[in-house]
K.L.:
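If you scroll down you'll find the structure; I have some questions about it.
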Amino acid sequence: MIHVSVAGATGWVGRPLCLAIQNCDDLRLAAAVARSRSGERVGDISISGSVEEALRIPSDVFVDFTHPDAAKAHALMALSAKRHVVIGTSGLTDQDFEEIGSVALARGLGVVAVGNFALSAVLLQRFAAEAAKHLLSWEIVDYASDAKVDAPSGTARELAWRLAQVSAPETTVPIDQTVGARESRGTTLNGSQVHSVRLPGYTIGVEVRFGGTGERLTIACEGGVEADPYIVGTLLAIRRVAEVRGLLRGLDPFL
């Protein structure tokens with residue numbers, strides 16, 4: 001039995017995740033955190049008002065679906081409390097992940113950080129990494145609701161990081177030699193140009209566009225309004241994080 005604490009327990013992914021954990025034979029929801037909902041209930045658990053309070057309750061894995069301003073501190077607190085960590089919060093930087101990974105490795109614990117737990121997004125990364133071996137120029141487009149505060153999304157950040165493990169994209173005109181508004185070329189992240197669109201009617205999506213001489217390839221995935229696809233991947237990470245030492249970014253090794 002794996003005992004799990006969930007921060008962000010009343011959120012879009014957090015609440016259905018808590019309920020899914022309570023319906024699993026091999027998992028138990030030990031604690032749930034939502035700062036503004038302390039004392040309310042999610043399933044049969046009373047919600048804690050702080051991560052510190054939740055970490056006083058024995059558990060094996062700490063899961064974070066909160067806010068980019070808080071997720072790093074939450075992960076470090078959980079590691080200090082000898083918990084394995086699963087991070088689903090979007091907006092953390094490569095430097096944040098390096099620090100979290102160093103602490104986890106020093107403590108002999110595992111952290112799984114995933115920009116998008118939907119299996120379609122995991123497969124998109126796998127296919128894109130293969131395409132980058134053959135089509136040497138690409139850019140990333142990141143779509144989300146107008147209510148999403150972080151940009152680029154964790155999905156786009158993880159994709160850019162994954163592609164950088166293959167190579168840097170080739171460009172004909174260096175970005176810093178752009179004539180006109182440099183901002184129109186997006187932001188450079190791990191060598192890739194990333195363009196973030198935030199509009200009503202979108203939930204979350206990402207595409208990577210490859211270009212070669214006389215040919216183009218677009219690989220895309222898009223999520224709907226239901227959280228179900230993210231629950232499946234998160235449960236997989238919870239079950240496998242104890243196998244990790246240090247930081248693992250992405251679910252691909254578990255598929």
Side-chain angles (χ1 to χ4, degrees), residues 1-9 13-14 17 21 26-35 48-117 121-122 125 129 150 152-166 189-191 230 233-255:
M1 184 70 69
I2 301 171
H3 294 73
V4 186
S5 298
V6 177
V13 176
L17 175 63
I21 290 169
D26 60 334
L27 305 177
R28 179 179 180 275
L29 185 64
V33 183
R35 293 187 183 279
S48 301
S50 70
V51 169
E52 295 90 340
E53 179 184 344
L55 289 174
R56 297 189 194 109
I57 302 169
S59 63
D60 305 300
V61 178
F62 174 84
V63 182
D64 193 277
F65 277 99
T66 59
H67 192 279
D69 291 343
K72 175 183 171 183
H74 292 170
L76 294 175
M77 280 191 284
L79 290 169
S80 295
K82 299 181 180 179
R83 306 307 202 268
H84 298 292
V85 177
V86 173
I87 301 174
T89 304
S90 182
L92 276 71
T93 66
D94 289 343
Q95 185 176 350
D96 292 332
F97 287 127
E98 287 176 10
E99 183 176 345
I100 292 168
S102 295
V103 173
L105 190 60
R107 293 182 175 273
L109 295 167
V111 177
V112 176
V114 181
N116 189 322
F117 283 95
V122 178
Q125 289 189 22
D150 60 295
S153 68
T155 310
R157 288 177 182 274
E158 189 171 287
L159 176 57
W161 174 84
R162 178 73 180 272
L163 290 170
Q165 312 309 302
V166 180
L189 195 62
N190 290 113
Y230 311 101
T234 307
L235 294 176
L236 175 61
I238 290 169
R239 291 183 171 111
R240 302 290 297 273
V241 65
E243 302 170 18
V244 177
R245 291 298 176 268
L247 173 72
L248 173 66
R249 292 183 68 175
L251 284 179
D252 197 50
F254 297 150
L255 298 186

K.L.:
Can you list everything that forms a side-chain contact (heavy atoms from CB on, under 4.5 Å) with Ala113? Sequence neighbours excluded, please.
P.N.:
Ile87, Phe97, Leu247
K.L.:
Among Ile21, Ile238, Val13, find the residue that satisfies the side-chain contact (heavy atoms from CB on, under 4.5 Å) test when tested with Val63.
P.N.:
Ile238
K.L.:
Using side chain to side chain donor-acceptor pair (under 3.5 Å) as the criterion, list what pairs up with Ser153, not counting sequence neighbours.
P.N.:
Asp142
K.L.:
Under the side-chain contact (heavy atoms from CB on, under 4.5 Å) test, which residues partner Ala78, sequence neighbours left out?
P.N.:
Leu55, Phe62, Arg83, Val85
K.L.:
Shortest non-hydrogen contact from Val112 to Ala237?
P.N.:
CG1-CB, 4.0 Å
K.L.:
If every non-hydrogen atom of Ala30 is compared with every non-hydrogen atom of His3, which pair is closest and at what distance?
P.N.:
CB-CB, 4.2 Å
K.L.:
Is Val114 close to Glu158 at the side-chain level, that is, under 4.5 Å between some pair of heavy atoms?
P.N.:
yes
K.L.:
Give a yes or no on this: more than 12 heavy atoms of other residues, nucleotides or ligands lie within 6.0 Å of atom CD of Gln165.
P.N.:
yes
K.L.:
Less than 4.5 Å apart, any side-chain heavy atom of Leu235 and any of Leu17?
P.N.:
yes
K.L.:
How far does CG of Leu79 sit from NE2 of His74, to the nearest 0.5 angstrom?
P.N.:
13.0 Å
K.L.:
Are Phe254 and Val122 side-chain neighbours, meaning at least one heavy-atom pair lies under 4.5 Å?
P.N.:
no
K.L.:
For Ala73, check side-chain contact (heavy atoms from CB on, under 4.5 Å) against everything at least two apart and list the hits.
P.N.:
none
K.L.:
Of the non-hydrogen atoms in Ser48 and Ile57, which two are nearest, and what is the gap between them?
P.N.:
OG-CD1, 4.4 Å
K.L.:
Rounded to the nearest 0.5 Å, what separates atom CG in Asn116 from atom CG in Leu251?
P.N.:
9.5 Å
K.L.:
Can you tell me which residue pairs pass the salt bridge (Lys or Arg N to Asp or Glu O under 4.0 Å) test with a partner in residues 238-255, sequence neighbours excluded?
P.N.:
Asp26-Arg239, Asp94-Arg249, Arg126-Asp252, Arg162-Asp252, Arg240-Glu243
K.L.:
Quick one: list whatever passes side chain to side chain donor-acceptor pair (under 3.5 Å) with Asp96, sequence neighbours left out.
P.N.:
Thr93
K.L.:
Under the side-chain contact (heavy atoms from CB on, under 4.5 Å) test, which residues partner Ala71, sequence neighbours left out?
P.N.:
Asp64, Thr66, Thr89, Leu92
K.L.:
Quick check for you: to the nearest 0.5 Å, what is the distance between Ser5 atom OG and Leu29 atom CG?
P.N.:
7.5 Å
K.L.:
Can you name the nearest heavy-atom pair linking Ser90 to Asp150, along with the distance?
P.N.:
OG-OD2, 2.6 Å
K.L.:
With side chain to side chain contact (heavy atoms under 4.5 Å, CB included) as the criterion, how do Leu236 and Leu255 come out once you've worked through the C-alpha distance, each side chain's angles and the decisive distance to 0.1 Å?
P.N.:
CA-CA 9 Å; Leu236 175 61; Leu255 298 186; 3.9 Å; yes
K.L.:
List the atom of Phe117, the atom of Tyr230, and the distance in Å for their closest heavy-atom pair.
P.N.:
CB-O, 3.4 Å
K.L.:
Any side-chain heavy atom of Val103 sitting closer than 4.5 Å to one from Val111?
P.N.:
no
K.L.:
Sorted by first residue and then second, give each side-chain hydrogen bond (donor to acceptor under 3.5 Å, both in side chains) pair with at least one member in residues 99-112; sequence neighbours left out.
P.N.:
Lys72-Glu99
K.L.:
Please report the interatomic distance CG(Leu189) to CG(Leu163), rounded to the nearest 0.5 Å.
P.N.:
10.5 Å
K.L.:
Looking only at heavy atoms, which two atoms of Val33 and Ala54 are closest? And how far apart?
P.N.:
CG2-CB, 3.3 Å
